[in-house]
Amino acid sequence: MNVMVGVILAAVGLLHTLPVLGSLGVAYLHKLYGIDIDDPQIELLLRHRAVLFGVLGVTLMMLSIEAKYHTVGLLIGFVSTVSFVALSVVQQSVTSSISPQISRVITIDIICSVVLFTLLSWTLWVKFREIV
């Protein structure tokens, strides 16, 4: 089971590194998210976000290597994916304007959230059973 958890963590980490291309500029951000960015400050924030996703993705891949770090990796990955899903639900209640690219990210994050939550719950259950 540890191998499966490690592989899934590595895959989620790889998914998190994909937005790092957005750090290269507006053209990449538009390709990733299907949005026009006219404000240089918004561009800066989104490019920095892309770098942070790269850091997060590499961190998740590193945590996937050692079974003793899997729980932390699962928790970090879950918080990342479920937070975007939650924020997108709030955003969609305010505006119905969501690009197809963002909708794709939402779908991927929903799937990742369910898988990560399931594995995190299982991992915590196993740890709890070891204590009891």
Side-chain angles (χ1 to χ4, degrees):
M1 191 68 165
N2 285 334
V3 172
M4 182 185 74
V5 172
V7 167
I8 289 172
L9 261 179
V12 171
L14 184 61
L15 282 171
H16 275 78
T17 62
L18 296 177
V20 80
L21 290 173
S23 66
L24 300 176
V26 175
Y28 289 96
L29 289 167
H30 180 73
K31 189 180 289 190
L32 284 168
Y33 303 119
I35 58 174
D36 294 320
I37 303 159
D38 299 326
D39 186 339
Q41 295 177 77
I42 299 295
E43 176 190 347
L44 174 63
L45 290 170
L46 287 173
R47 290 176 73 188
H48 184 253
R49 176 187 182 277
V51 171
L52 292 176
F53 264 98
V55 170
L56 175 60
V58 169
T59 300
L60 290 174
M61 287 188 278
M62 290 172 59
L63 293 172
S64 74
I65 296 169
E66 286 286 334
K68 65 183 176 183
Y69 300 123
H70 286 176
T71 305
V72 171
L74 291 168
L75 181 61
I76 291 169
F78 176 71
V79 169
S80 173
T81 56
V82 80
S83 64
F84 186 74
V85 171
L87 289 169
S88 68
V89 168
V90 171
Q91 183 67 23
Q92 286 179 346
S93 71
V94 174
T95 178
S96 60
S97 173
I98 300 288
S99 73
Q101 292 90 334
I102 298 285
S103 293
R104 183 180 63 229
V105 174
I106 292 167
T107 301
I108 291 168
D109 277 5
I110 288 170
I111 294 166
C112 287
S113 294
V114 169
V115 171
L116 291 168
F117 180 77
T118 302
L119 290 175
L120 180 61
S121 298
W122 176 83
T123 301
L124 291 173
W125 175 252
V126 168
K127 288 182 185 288
F128 174 75
R129 296 289 296 168
E130 289 173 359
I131 294 171
V132 176

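The figures here come from the full heavy-atom set of this structure, side chains too, leaving out hydrogens, waters and symmetry mates.
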Flag side-chain contact, heavy atom, 4.5 Å: [X] against [Y]:
X	Y	answer
Leu46	Ile35	yes
Met1	Val126	no
Ile102	Phe84	yes
Ile37	His30	no
Leu75	Thr71	no
His48	Leu45	no
Met4	Ile8	yes
Leu15	Cys112	yes

What closest approach, in Å, do [X] and [Y] show between heavy atoms, and which atom pair accounts for it?
X	Y	answer
Ala50	Ser23	CB-N, 3.4 Å
Thr81	Ser113	OG1-OG, 2.9 Å
Tyr28	Gly22	CB-CA, 4.0 Å
Gly57	Thr17	CA-CG2, 3.6 Å
Gly73	Leu63	CA-CD1, 3.6 Å
Leu74	Leu116	CD2-CD2, 3.6 Å

Next on the checklist: One pair to check against side chain to side chain contact (heavy atoms under 4.5 Å, CB included): Met62 and Val58. What are the steps and the verdict?
Outcome noted: CA-CA 6 Å; Met62 290 172 59; Val58 169; 3.9 Å; yes
Item to check | Polar contact flag, side-chain donor to acceptor under 3.5 angstrom, Thr123-His70 | outcome: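 No.
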[atom1]-[atom2] distance between [X] and [Y], expressed to the nearest 0.5 angstrom:
X	Y	atom1	atom2	answer
Leu14	His16	CG	NE2	11.0 Å
Arg47	Leu24	CZ	CG	7.5 Å
Ile98	Gln91	CD1	CD	5.5 Å
Glu130	Trp125	CD	CH2	12.0 Å

Checklist entry - Which class fits the ring pair Phe78 and Phe117: parallel under 30°, tilted 30 to 60°, perpendicular over 60°? => result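 The arrangement is tilted - the two ring planes meet at 30° to 60°.
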Between [X] and [Y], is there a shared hydrophobic cluster once you connect ILVMFWY residues whose side-chain heavy atoms come closer than 4.5 Å?
X	Y	result
Leu120	Leu9	yes
Leu21	Phe53	no
Tyr33	Ile108	no
Ile76	Ile110	no
Leu29	Val105	yes

Checklist entry - Run the side chain to side chain contact (heavy atoms under 4.5 Å, CB included) check on Leu56 and Ser80 step by step: do they pass? => result CA-CA 9 Å; Leu56 175 60; Ser80 173; 3.4 Å; yes
Checklist entry - Checking side chain to side chain contact (heavy atoms under 4.5 Å, CB included) for the pair Gln101/Leu32: CA distance, chi angles, key distance, verdict? => result CA-CA 7 Å; Gln101 292 90 334; Leu32 284 168; over 6 Å; no
